[in-house]
Amino acid sequence: MKKLIFLLILVLLVAAGLIYYKKWRSDLLQKKVPQLVFLKSDSLYRITYDSVDIDEVEGEIVIRNLQLFPDSTYKKPTDSTLPRNLLQITVPEIYISGVQTDAAVLNKEVIATKIKLTRPVVTMFNNNHVEKDKDNDPTPTSFKIYQILLRGLEKIKVDTILITDADYHICQWPKGDTIFSGSKINAQLHHINISDSTSTDTSRVLFAEQASLDVADVLIHSRSHLYNYRFKSIQLLSGERSFAVKSMHITPQLGEAAFAKAAKRQTDRLDFDFYNLLFKQVNVQEILNGNLIANELLIKNAEFKVYRDKNYPDKKESLIGHYPQQSFLQIPVNVAIKKVVIQQGFIHYKEMESITGNSGLVIFDDMHATLHNVTNNPADIRKNGICTVNFNSLFLRKVPVSATLQLYLNSKNGKFTINGNIKSLDATILNSLSKPMALVEVSSGNITSLDFNFIGNDNRIKGLVRLLYDDLKIKVLKKDEDGDKEYKTKKVMSLMANIAVINANPAKNKPVRIVTVTHPRNKYRSLFNFIWKSIFEGVQKTVGIDGKL
């Protein structure tokens, strides 16, 4: 949006000059302005327009088909002196009204009533031939912008700036591969005042008292081409300090089997959808700078679908140092949200097992979650270095489960703690997981509760598991080779397993067994896998079959 606003100010200055130098109009329009743009951009940009209509009496200007584009005549696409970012702008029509020429002449002020840009298309090219630390792009810092815009003027004032149905794209230079697309962008700025007195006014947004932005659709392509990221119906209101997104989607571009084949290694296929996101009490200026500072984020609905195919070998890429909180601290965007609330959602984890050839499906339905202190800002972390996640859901759509996860943002080794509770359930409900994932069937059993409390880091997790249950009996299964049934019972193995299994906790006239878990991390698997495997180890120890199945 900033680049569009800067274009508007440039247009306004040119328009004031057009009226001020009206007696040299023809020469100015055809030669002076294009030549000035060309020279001031170090022979990089050229500007053209089909026509300029000026009404000096009414102070109105209409510019048709204005185009600003990089000129490769003097600088080739691979020239290392090019800036890292290049702009190409097309505006079918620019309408300016209420230009006060007397103020420009007598008081060095540019004053106008309205500027309207209709259907502008702005394309920013990323020039990868230039290293980031050698970028010679002279874009000024925000506190110097007003000086660049004013030049020899005292003030620039505009009542209203309107941008209607704009498109904004980010592409690779010079091939033109699209990375980012924003369509149907509508922006309004009211009471713009660019002067020394407003240059440090933090209540203004882009020098305006009020600003609003509506974007119909944003599409971002991942570099791997495995995902698209889409945002629909974005609305930013400076007066209310709110930022809303109707929906946000992380969408895989291949189906489950095709994705696993393309990845060639075990990796999670993510399919996430978020609906009705509302950021409250946002810092609007920081939003426009590409950062996200807000008091609260409400998400009405969230859906997380994850798929992993274990028929492929492990991806030999260590995830140590890449826990969620560690990766979050490394992103280039400054994020500081005091509270995030997911009002409704579900988690859907599907795993294709290599041994059974079948998929197990873990479902957490009717999910509610609250996150506190979601930040990667060093100053915030020094004050409070813990991000807390409170989670409540229905495991397998039936069993209440709650957990609290604490992520230590200032930890050097990925420290975290988690404690949780699963309420009573009929153990046979677990067959939808145990049969396809472990070739074990629960014949009977009643689980009263499962409590766990862990502390972990990059390398290891330690903690306690307390599982209360009775009447536990299991069957050990094998795949049916004849194909008439999905599974067959291994009778001898089942007998031996039930001899080994302690069928109740507490056993008759015995105290409750609480087991200690010390589980090393599989550095190729996620934090979720780490926690789940640790709970599973505690369950196996409690029932007496640890390492025996």
Side-chain angles (χ1 to χ4, degrees), residues 222 226-232 245-263 265-277 298-312 315 319 323-324 327 340-371 389-403 405 418 420-423 425-426 428-438 450 486 525-536:
S222 68
L226 292 176
Y227 292 97
N228 279 345
Y229 307 91
R230 173 156 255 144
F231 303 79
K232 293 188 176 181
V245 182
K246 187 174 182 180
S247 65
M248 183 177 81
H249 310 273
I250 301 174
T251 307
Q253 297 304 288
L254 298 172
E256 292 176 347
F259 185 96
K261 185 177 180 180
R265 293 288 188 273
Q266 285 188 39
T267 187
D268 290 334
R269 176 185 180 270
L270 309 178
D271 189 354
F272 293 173
D273 299 289
F274 303 87
Y275 298 94
N276 296 316
L277 296 84
L298 294 179
I299 303 174
K300 188 172 183 180
N301 187 272
E303 301 174 0
F304 304 88
K305 299 177 184 177
V306 182
Y307 173 79
R308 175 178 283 259
D309 192 333
K310 295 180 70 176
N311 286 297
Y312 292 86
K315 187 177 182 180
L319 295 179
Y323 276 150
S327 297
V340 178
V341 178
I342 300 176
Q343 296 178 328
Q344 187 74 29
F346 78 88
I347 299 173
H348 179 292
Y349 180 79
K350 185 178 181 183
E351 192 173 272
M352 173 64 75
E353 291 294 328
S354 58
I355 297 175
T356 67
N358 292 329
S359 297
L361 184 60
V362 179
I363 296 175
F364 291 93
D365 201 7
D366 193 25
M367 180 190 72
H368 308 275
T370 304
L371 295 78
V389 183
N390 296 312
F391 172 92
N392 293 278
S393 184
L394 292 178
F395 177 55
L396 298 180
R397 295 196 171 104
K398 294 182 179 180
V399 185
V401 55
S402 61
L405 172 67
I418 184 168
N421 171 267
I422 297 176
K423 301 298 184 182
L425 69 147
D426 182 343
T428 59
I429 195 177
L430 301 175
N431 285 327
S432 61
L433 298 177
S434 63
K435 290 170 70 174
M437 300 179 77
L450 169 64
E486 191 175 8
R525 299 293 179 88
S526 66
L527 177 63
F528 175 80
N529 178 272
F530 193 18
I531 295 171
W532 158 244
K533 291 294 185 182
S534 303
I535 296 172
F536 186 60

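Numbering of residues begins at 1 and proceeds along the displayed sequence.
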Aromatic ring proximity, centroids under 6.0 angstrom, Tyr275 and His249: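 Between Tyr275 and His249, which both carry aromatic rings, the centre distance is below 6.0 Å.
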Within the 4.5 Å heavy-atom criterion, are [X] and [Y] side-chain neighbours or not?
X	Y	result
Val306	Lys350	no
Leu270	Lys305	no
Ser393	Phe391	yes
Phe231	Phe274	no

Specify the closest pair of heavy atoms between [X] and [Y], including all atoms of both residues, with the distance to one decimal.
X	Y	answer
Ala258	Leu254	O-CD1, 3.8 Å
Ile250	Pro252	O-CD, 3.8 Å
Leu425	Lys423	CD2-O, 3.3 Å

Can you sort out the partners of [X] under ring-ring contact (aromatic ring centres under 6.0 Å, His included), two or more places apart, ordered by chain and number?
X	result
Phe346	none
Tyr307	none
Phe530	none
Phe272	Phe304

Partner set under side-chain contact (heavy atoms from CB on, under 4.5 Å) for Ser327, not counting sequence neighbours: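 So Ser327 forms a side-chain contact (heavy atoms from CB on, under 4.5 Å) with His322.
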As an exercise, state the distance from [atom1] of [X] to [atom2] of [Y], rounded to the nearest 0.5 Å.
X	Y	atom1	atom2	value
Ile342	Gln344	CD1	CD	10.5 Å
Lys435	Leu430	NZ	CG	12.5 Å
Asn421	Leu450	CG	CG	7.5 Å
Asp273	Met248	CG	CE	9.5 Å
Asn276	Leu298	CG	CG	10.5 Å
Ile363	Ile347	CD1	CD1	11.5 Å

Could you tell me which residues satisfy side chain to side chain donor-acceptor pair (under 3.5 Å) with [X], sequence neighbours excluded, listed by chain and number?
X	result
Gln343	none
Arg525	Gln266, Asp314
Tyr349	Glu351
Ser432	none

Stepwise side chain to side chain contact (heavy atoms under 4.5 Å, CB included) check, Thr251 with Arg230: CA-CA 8 Å; Thr251 307; Arg230 173 156 255 144; 5.7 Å; no
Glu256 vs Arg269, side chain to side chain contact (heavy atoms under 4.5 Å, CB included): CA-CA, chis, key distance, verdict: CA-CA 7 Å; Glu256 292 176 347; Arg269 176 185 180 270; 3.8 Å; yes
Those residues that, when tested against Arg308, pass salt bridge (charged side-chain N to carboxylate O under 4.0 Å, His left out) (two or more places apart):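 Testing Arg308 for salt bridge (charged side-chain N to carboxylate O under 4.0 Å, His left out), a comparison that skips the adjacent residues, returns Asp268.
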Pairing residues for Arg265 by the salt bridge (charged side-chain N to carboxylate O under 4.0 Å, His left out) criterion, not counting sequence neighbours: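 By the salt bridge (charged side-chain N to carboxylate O under 4.0 Å, His left out) rule, Arg265 matches no residue at all.
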Single hit among Val340, Ile418, Leu405 for side-chain contact (heavy atoms from CB on, under 4.5 Å) with Val389: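 The option that passes is Leu405.
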Check against side chain to side chain contact (heavy atoms under 4.5 Å, CB included), Met352 and Asn311: CA-CA 7 Å; Met352 173 64 75; Asn311 286 297; 3.3 Å; yes
Using distance only, find each side-chain donor-acceptor pair of residues 395-403 under 3.5 Å and give its atom names and separation, not counting sequence neighbours.
none

Side-chain donor/acceptor of Asn431 to backbone N/O of Thr428, under 3.5 Å: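 Such a contact is found between Asn431 side chain and Thr428 backbone.
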